[in-house]
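Working notes for the structure below.
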Amino acid sequence: MELGDKAVGFILTLTSLSIFTYYTFWVIILPFVDSDHFVHKYFLPQEYAILIPVLAGVILLSFLSVFMGLVMLKSKKKKKTT
């Protein structure tokens, strides 16, 4: 199973590095490239550079809050029955 874990870790690392490189190029380098350059067709408009991470953060915090609330409710019920 060790080889499987290494493969999954490699794929996750490669995916994270690809997303980081794409986002960094999109946010930091692309504003300095001419707007009629061909590379602009590979990226979304600049508004999405802020909207997507903010939306992902809100969704993540919402799921974490719901999860923590459910765990707290279950532990409270468990203490009452003991």
Side-chain angles (χ1 to χ4, degrees):
M1 193 75 173
E2 184 178 324
L3 183 61
D5 292 341
K6 285 185 180 182
V8 170
F10 178 74
I11 290 171
L12 287 174
T13 302
L14 191 64
T15 303
S16 299
L17 188 61
S18 299
I19 291 171
F20 175 77
T21 304
Y22 180 86
Y23 186 77
T24 302
F25 189 81
W26 182 24
V27 172
I28 296 175
I29 297 172
L30 200 63
F32 298 107
V33 178
D34 292 334
S35 60
D36 58 345
H37 199 271
F38 75 93
V39 77
H40 277 276
K41 67 181 176 183
Y42 297 111
F43 296 92
L44 291 172
Q46 288 287 3
E47 296 84 30
Y48 292 108
I50 301 298
L51 185 66
I52 291 171
V54 167
L55 186 62
V58 167
I59 290 171
L60 177 67
L61 287 175
S62 298
F63 281 126
L64 285 175
S65 298
V66 168
F67 175 73
M68 287 176 52
L70 290 174
V71 168
M72 290 170 62
L73 286 174
K74 285 183 180 181
S75 68
K76 189 175 182 179
K77 286 180 181 179
K78 188 183 264 188
K79 284 184 181 179
K80 281 185 179 180
T81 58
T82 324

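Predicted, not measured: the structure shown is a model, and the values here were computed from it. Each residue takes its place number in the sequence, starting with 1.
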Working to the nearest 0.5 Å, report the span between CD1 of Ile19 and OG1 of Thr15. 6.5 Å
Residues Leu30 and Gln46: closest non-hydrogen pair is CB-NE2, 4.3 Å
Shared hydrophobic cluster, Val66 / Leu73 (ILVMFWY, side-chain heavy atoms < 4.5 Å): no
When the aromatic ring centroids of Phe25 and Phe43 are compared, is their separation below 6.0 Å? yes
What closest approach, in Å, do Pro45 and Trp26 show between heavy atoms, and which atom pair accounts for it? O-CZ2, 3.4 Å
Ignoring hydrogens and geometry, is there a side-chain-to-backbone donor-acceptor pair from Ser75 to Met72 under 3.5 Å? yes
Calculate, to the nearest 0.5 Å, the distance between atoms OG and CG belonging to Ser65 and Leu60 respectively. 9.0 Å
Is it the case that more than 12 heavy atoms not belonging to Leu14 sit under 6.0 Å from its CG atom? yes
Check whether Phe38 and Leu44 end up in the same hydrophobic cluster, where Ile, Leu, Val, Met, Phe, Trp and Tyr are linked by side-chain heavy atoms less than 4.5 Å apart. yes
Phe63 reachable from Val71 in the ILVMFWY side-chain graph, under 4.5 Å edges: no
Shortest non-hydrogen separation from Ala49 to Tyr23 and the atoms involved: O-OH, 2.6 Å
Is there a continuous path of hydrophobic side-chain contacts, each under 4.5 Å between heavy atoms, that joins Ile28 to Ile52? yes
Tell me, yes or no, whether the heavy-atom count around Tyr22 atom OH, taken from other residues, nucleotides or ligands under 6.0 Å, exceeds 12. yes
Is it the case that one hydrophobic cluster holds both Ile29 and Val27, taking links as side-chain heavy atoms less than 4.5 Å apart, direct or via other members? yes
